[in-house]
Amino acid sequence: MTKKKKNIDTKEMLSKIVVLIFSGIVGAVGGSMIYAKNMSPQDTFLELFLILAIFIISYTVQIILHESGHLIFGLLSGYEFTSFRIGSLTIIKEDGKLAIKKFNLKGTAGQCIMFPKEDDYEKCSYVLYNLGGVLINAIVSALCFVIYTIASGNTNIDSILICMIGSGIVIVITNGIPMKISGVVNDGYNVMSIINNKIMKYGFYIQLKVNGLMSRGMRVKDMPLKWFQIDEKSDFSNPLVTSIKCIEANYYHDKLEFDKAKECYEFLLNYNPKIIKLYEYEIKCELLFYEIIGERNEEKISKLYTDQLKSYIKASKSHISKMRLMYAYALIIEKDMQKANNILDKIEINKNKYPNKGETESELEIIKFVRDNFKISTTME
């Protein structure tokens with residue numbers, strides 16, 4: 001069996017497990033409530049709709065608990081708080097205070113990012129921080145099961161408990177068992193990678209360090225380049241290693257050395273086996289940008305700007321890097337001044353809501369570079 005076939009089978013198996021658990025919960029809870037209340041057929045639909053709503057709320061609560069688990073165990077492991085996100089609502093530490101921002105990442109419902117205090121990546125603790133979310137979900141689900149077992153009786157309360165148990169199990173499975181979901185690796189995958197390889201451990205460490213420093217306002221170009229230079233024989237198919245090369249590319253990008261950044265991205269894109277979809281789309285976005293401000297080869301632009309990439313850009317349209325890309329596309333390729341100016345207005349409105357200060361400053365400088373080089377008068381100062 002080929003590797004591709006195995007990956008497909010894993011995804012199919014996971015989907016079947018999640019659907020089975022979800023269907024079982026809705027069916028079991030709905031059936032028990034209908035039976036207990038001796039409901040008429042016309043009320044059955046409304047009751048099942050109520051169960052679905054309870055499950056969605058329970059799942060959301062478990063997501064919050066999951067990210068809180070990362071926060072708690074991250075603090076216990078010696079990390080500092082950087083950001084906490086549920087959906088697009090993001091809480092960050094800015095200038096020593098907590099601030100509310102907006103950000104979303106395709107394929108994730110939430111994220112808790114911590115900052116490593118240690119300067120030596122080998123001294124950092126990784127396992128509890130990564131598995132903290134799963135541990136909290138498992139503990140809460142177990143407590144709900146105990147309460148349900150010894151104190152059941154009220155149908156509505158039982159329904160909430162069962163939905164909490166079921167949604168917790170779904171999150172434990174999808175985050176605890178090492179796998180890639182929607183192009184994003186889960187907690188279990190990170191732990192297995194870190195345990196088995198020092199370079200992957202370093203990749204996890206440097207991601208947190210760079211993200212934390214950028215959130216505090218530092219630019220990538222002001223960080224030591226040696227942080228991001230690793231042996232090119234490393235396994236770049238692992239996302240933790242891919243990330244290091246991407247940060248190296250971002251270093252050159254921030255210095256406006258686009259040719260060097262392009263070399264890094266093309267190295268990754270040509271790497272075999274393939275990198276995960278999330279990085280593939282991010283890389284293609286940057287290569288598309290470089291082509292737009294460079295040679296503007298129509299064939300290359302068309303090859304990069306596929307329906308799949310358009311869909312990804314739309315899903316991550318709140319990212320300032322995507323707004324910069326679409327600004328360049330509207331300005332240079334479409335030659336639509338009004339559309340370009342509208343994107344600039346949107347950036348101006350949202351720039352203070354973006355959680356990464358270093359990235360924001362970098363992107364605003366690159367946007368100015370595009371504007372100045374193509375001599376377009378805009379409303380942006």
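Computed from a predicted model, the values in this text were never measured in an experiment.
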Tell me every residue that passes side chain to side chain contact (heavy atoms under 4.5 Å, CB included) with K322, counting only those two or more places apart in sequence or in another chain. E282, C285, Y312, I313, S316, H319
Let me see the working for V370 and I332 under side-chain contact (heavy atoms from CB on, under 4.5 Å), right down to the final yes or no. CA-CA 9 Å; V370 173; I332 301 168; 4.1 Å; yes
Let me see the working for Y189 and N238 under side-chain contact (heavy atoms from CB on, under 4.5 Å), right down to the final yes or no. CA-CA 10 Å; Y189 189 98; N238 185 288; 3.8 Å; yes
In a check of side chain to side chain contact (heavy atoms under 4.5 Å, CB included) between V191 and each of I195, I194, D187, which one passes? I195
E359 bridged to K351 by N-O distance under 4.0 Å: no
Under-4.0 Å salt bridge between K97 and E94: no
Show the atom names and distances, to 0.1 Å, of all donor-acceptor pairs under 3.5 Å that link a side chain in residues 256-268 to residues at least two apart or in another chain.
none

F204-Y126 aromatic ring centre distance below 6.0 Å: yes
The complete set of salt bridge (Lys or Arg N to Asp or Glu O under 4.0 Å) pairs with one or both residues in residues 121-134, sequence neighbours excluded, reads E122-K198
Side chains of H70 and Y79: do they bring a donor and an acceptor to under 3.5 Å? no
Determine which pairs satisfy salt bridge (Lys or Arg N to Asp or Glu O under 4.0 Å) with at least one residue from residues 202-216, sequence neighbours left out, and list them in order. E80-R216, D119-K209
Quick one, I276 with Y279, criterion side-chain contact (heavy atoms from CB on, under 4.5 Å). Give me CA distance, side-chain angles, the key distance, then yes/no. CA-CA 6 Å; I276 63 171; Y279 281 122; 3.6 Å; yes
Atom CD1 of I206 and atom CD of E248: how far apart are they, to the nearest 0.5 Å? 12.0 Å
Taking ring-ring contact (aromatic ring centres under 6.0 Å, His included) as the cut-off, I'd like each qualifying pair that reaches into residues 329-358, sequence neighbours left out, listed once. F103-Y354, Y305-Y329
Taking only residues two or more places apart in sequence, or in another chain, which ones meet K284 in a salt bridge (charged side-chain N to carboxylate O under 4.0 Å, His left out)? E280
Determine whether the aromatic ring centres of Y121 and Y202 lie less than 6.0 Å apart. yes
Residues H66, V134; criterion side-chain contact (heavy atoms from CB on, under 4.5 Å); working and verdict: CA-CA 6 Å; H66 181 87; V134 170; 4.0 Å; yes
If you round to the nearest 0.5 Å, how far is CG of L131 from CG of N137? 11.5 Å
Have Q207 and N211 got a donor and an acceptor in their side chains that come within less than 3.5 Å? no
Compare all side-chain heavy atoms of L309 with those of Y281 and state whether any distance is below 4.5 angstrom. yes
